Structure formats: C-alpha cells, structure tokens
*Asks:* 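Before anything else, here's the structure in question.
What you see is a predicted model, and the numbers here were worked out from it, not measured in a lab.
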Amino acid sequence: LFMPAWGKLLDRFGSKAVAYLTFGGVALIPLLFVLITPTYWWLVFVIQFFSGAVWAGAELVQFKLLMDTTTPEKRAAQAATYGMVTSPGPAVAPLIGGVVADSITGVLSGIPLVFGISFILRAVSMFFIRTIPEAKKDHHTIGEVVHTLPAVTPGYEMEKRILVFAKKTGRTAFKSA
C-alpha cells in the first residue's frame, strides 16, 4: 500500500533522507504503544496503521541501500549474509523483552520499560545512517531495481512480459511447445 509512495520519495530525495524519516518513525512506534489505555484502546488501530506505513518505507530503504552499496558480483552473497545476520533479531528480541519485563522492577518496569529500551535502541541506530555512503547518480532507481528482480516483480509486469514473449515466439499459454 505505501511502498510505491516510499519508492517515489527514494527516487526523488535519496536513501539517506528517507532512511532518517522511516527509521525515525520506526523508533517512535514503541513509545506510541505506551499511550494505549483501556479508554484509548482504539489507538491500537491508528498506531498499527502508522507502523505499517513506516515499516514499509524502512524495509524498502534497507533493500535499496543493500543494492546500492554492493557490487553486482557480490550482491547475492551479501544479501544472503544480510538476511542471515538480521533474521535472529525478531526471534530473540521478544524473548529478551519478556525476561526484562518480568525481572526488572523500579520506577519504570514491565512493558513500558521494554518499549522505552526499544525506542532508545532504535533511535541510537539512526546515528549510523550518516556513515552509509549515498548512492552514486548513475545507480538505478528503486523502480528499476525492483523490476529487474523477477521474484519481486508485480504480477501485472510479469503478465506483460509473458504476453510480449508469446507474441514474439508465436506461443500462447495454452499451446505446448
């Protein structure tokens, strides 16, 4: 839903600007959840909508930065390494959060403490954005990058390619070769 808009912003303003915006939004999400009370239960929907919007941009900018900072020869290996290194976080973080919420007591404890720690860690990570090199002018736009990867090409584009192939070769989807 939001990825096309983030893609246009990436193409127009570059990865770093969008990274600051989206990662800043992602950092705010845990703090927003602290606002939810039995009276304001409906905020869950607003916060989840906001969360989906900023996470879409964050995932897209991470992907674009990965594509822009790797060479074509090493891209597959570095993308696999990125996935391997980042995958344990979403599995382990909730376990650590549960232990922290149950075992630390004080002025701030329980789930609000975990949300506070999550906000701080996410906000601190934004300082590392400045160390990432900005893409050169001759790099592809995010649209070109996405459309060169068959696994993530939207169905309509794939359908157009199949029809063009069928027209060039004289084959249809219903004829056998």
*Asks:* Drop me the distance from E73's CD to Q78's CD, to the nearest 0.5 angstrom.
*Replies:*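 Separation between the atoms: 10.0 Å.
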*Asks:* Rounded at 0.5 Å granularity, tell me how far CD1 in I132 sits from CD in Q62.
*Replies:*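 If we round to the nearest 0.5 Å, I132:CD1 and Q62:CD are 9.0 Å apart.
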*Asks:* Can I get a per-line list of side-chain donor-acceptor pairs under 3.5 Å for residues 33-47, giving both atom names and the distance, sequence neighbours left out?
*Replies:*
from: T37; atom 1: OG1; to: T39; atom 2: N; distance (Å): 3.4
from: T37; atom 1: OG1; to: Y40; atom 2: N; distance (Å): 3.2

*Asks:* Looking at every non-hydrogen atom in both residues, tell me the closest pair between S87 and P90 and how far apart they are.
*Replies:*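 Taking S87 first and P90 second, the nearest heavy atoms are O-CD, 3.1 Å.
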*Asks:* Determine whether L21 and L60 fall in the same hydrophobic cluster, where Ile, Leu, Val, Met, Phe, Trp and Tyr are linked whenever their side-chain heavy atoms lie under 4.5 Å apart.
*Replies:*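 As far as the 4.5 Å side-chain criterion goes, L60 and L21 are connected within one cluster.
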*Asks:* Give a yes or no on whether V54 and F115 share a hydrophobic cluster (residues Ile, Leu, Val, Met, Phe, Trp, Tyr; joining criterion: side-chain heavy atoms under 4.5 Å apart).
*Replies:*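 Yes; F115 is reachable from V54 via cluster members.
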*Asks:* Tell me whether W6 contacts the main-chain N or O of A53 through its side chain, where contact means a donor paired with an acceptor under 3.5 Å.
*Replies:*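 Yes.
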*Asks:* Kindly indicate, with the supporting measurements, whether the criterion side-chain contact (heavy atoms from CB on, under 4.5 Å) is fulfilled by V99 and L95.
*Replies:* CA-CA 6 Å; V99 170; L95 298 173; 5.9 Å; no
*Asks:* Under a 3.5 Å distance rule, please check whether T131 uses its side chain to pair with a backbone N or O of F128 as donor and acceptor.
*Replies:*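 Yes, T131 side chain to F128 backbone: donor-acceptor pair under 3.5 Å.
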*Asks:* Please, which pairs that meet side chain to side chain donor-acceptor pair (under 3.5 Å) have at least one residue in residues 119-129, sequence neighbours excluded?
*Replies:*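 Non-adjacent pairs meeting side chain to side chain donor-acceptor pair (under 3.5 Å): S118-R122.
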*Asks:* With clusters defined by side-chain heavy atoms of hydrophobic residues (ILVMFWY) lying less than 4.5 Å apart, directly or transitively, does V26 cluster with L9?
*Replies:*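 No, because L9 and V26 fall into different hydrophobic clusters, even though each may have its own neighbours under 4.5 Å.
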*Asks:* How many angstroms lie between CE in M126 and OG1 in T22, if you round to the nearest 0.5 Å?
*Replies:*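 Between atom CE of M126 and atom OG1 of T22 there are 8.5 Å.
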*Asks:* Apply ring-ring contact (aromatic ring centres under 6.0 Å, His included) to F2 and F49, showing your working.
*Replies:* CA-CA 11 Å; F2 287 97; F49 184 82; 5.4 Å; yes
*Asks:* Show the nearest heavy-atom pair for residues V61 and A58, with the distance to one decimal.
*Replies:*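 Shortest heavy-atom separation between V61 and A58 comes out as CG1-O, 3.2 Å.
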*Asks:* With a 4.5 Å cut-off on side-chain heavy-atom distances among I, L, V, M, F, W and Y, is there a chain of contacts connecting F50 to F119?
*Replies:*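 Different clusters: F50 never reaches F119 through Ile, Leu, Val, Met, Phe, Trp or Tyr contacts under 4.5 Å.
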*Asks:* State yes or no: do I120 and V114 share one hydrophobic cluster built from I, L, V, M, F, W and Y residues joined by side-chain heavy-atom distances below 4.5 Å, directly or via other members?
*Replies:*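 No, separate clusters.
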*Asks:* What's the separation between atom CG in L113 and atom OG in S103, rounded to the nearest 0.5 Å?
*Replies:*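 Spacing of CG (L113) from OG (S103) equals 9.0 Å.
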*Asks:* First locate atom CZ of R130, then atom NZ of K16, and finally report the distance between them rounded to the nearest 0.5 Å.
*Replies:*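 It is 9.0 Å, given to the nearest 0.5 Å.
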*Asks:* Hey, what do you get for CZ (F23) to CZ (F127), rounding to the nearest 0.5 Å?
*Replies:*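 Taking CZ in F23 and CZ in F127, the distance rounds to 14.5 Å.
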